[in-house]
Amino acid sequence: MQTLEGGCHCGRVRFRVTAELDGVTICNCSICAKKGIWHLIVPPGDFELIRGKGDLATYAFNTKVAKHHFCKVCGVHPFYVPRSDPDKIDVNARCLDGFDTLAIAPKTFDGLHWEAAMAKDVPWR
């Protein structure tokens, strides 16, 4: 397990997470495809919001289960509560300090067909 820090583009929102990067997953659902999120889902005890709670806004759509948090200043989406695991935190791995998308091979999840994909072997579980 590694302890990593990250945040939004402007630096107002900062967080710390303990995880392994081999769990990073990409999804092709409507919001993930548009935002380019690389998912790193962790238990709440492995995530700490260091600063910026007041600088976050939340977007919820469709089932309203997922709570997509983003910085009100720069608009970057550093983490959220996922629909798949509402008891966990989904860190956008692209927001980790020094994260190199070319250094890892993410797993894939077919979010376009969410219900069917959730009935299969989910990569982060």
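It should be emphasised that the depicted structure is a prediction, and the values quoted were computed from it without experimental measurement.
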Are any of the side-chain heavy atoms of C71 and H9 separated by less than 4.5 Å?
no
Any heavy-atom pair between the side chains of V42 and T18 that's under 4.5 Å?
no
Hey, what do you get for CD (E20) to CG (L4), rounding to the nearest 0.5 Å?
9.0 Å
Does W38 belong to the same Ile/Leu/Val/Met/Phe/Trp/Tyr cluster as L21, with side-chain heavy atoms less than 4.5 Å apart forming each link?
yes
Can we say K107 and D22 salt-bridge, meaning some charged N sits less than 4.0 Å from an Asp/Glu carboxylate O?
no
Shortest non-hydrogen contact between G23 and L40, atoms and distance
C-CD1, 4.3 Å
Within a strict 4.5 Å, meaning less than it, do heavy atoms of the T101 and R94 side chains meet?
yes
Please find out if less than 6.0 Å separates the ring center of H68 from that of F61.
yes
Check whether any side-chain heavy atom of F109 sits under 4.5 Å from a side-chain heavy atom of C32, and report yes or no.
no
Under the side chain to side chain contact (heavy atoms under 4.5 Å, CB included) rule, what do V91 and L96 come out as? Steps first, then yes or no, please.
CA-CA 8 Å; V91 171; L96 294 169; 4.3 Å; yes
Check step by step if side chain to side chain contact (heavy atoms under 4.5 Å, CB included) holds for R125 and M118.
CA-CA 10 Å; R125 290 189 177 156; M118 286 299 296; 3.4 Å; yes
Test item: side-chain donor near acceptor, D85 and W124, under 3.5 Å
yes
Please give me the minimum heavy-atom distance between C74 and C10, naming the atom from each residue.
SG-N, 3.5 Å
Side-chain heavy-atom pair V13, V73 within 4.5 angstrom cut-off:
no
Looking only at non-hydrogen atoms, find the nearest pair between F70 and G75 and report the distance.
CB-O, 4.0 Å
Partner of H69 under ring pair (Phe, Tyr, Trp, His ring centres under 6.0 Å), picked from F79, Y59, F15, Y80, is F79
Side-chain contact, heavy-atom cut-off 4.5 Å: D110 with N28?
yes
Is it the case that H77 and N92 place a side-chain donor and acceptor less than 3.5 Å from each other?
no
If the threshold is 4.0 Å, N to carboxylate O, is there a salt bridge linking R14 and D55?
no
Is there a side-chain contact between K72 and L56 (heavy atoms, below 4.5 Å)?
no
Would a 4.5 Å heavy-atom cut-off, applied to side chains only, mark V76 and C95 as touching?
yes
NE2 on H113 to SG on C29, rounded to 0.5 Å
12.0 Å
For residues 43-51, which side-chain N or O atoms pair as donor and acceptor with protein atoms under 3.5 Å away, sequence neighbours left out?
{"residue": "E48", "atom": "OE1", "partner": "R16", "partner atom": "NH1", "Å": "2.7"}
{"residue": "R51", "atom": "NE", "partner": "G11", "partner atom": "O", "Å": "3.2"}
{"residue": "R51", "atom": "NH2", "partner": "G11", "partner atom": "O", "Å": "2.9"}

Pair C27-H39, side chain to side chain contact (heavy atoms under 4.5 Å, CB included): steps then yes or no
CA-CA 8 Å; C27 173; H39 305 270; 3.7 Å; yes
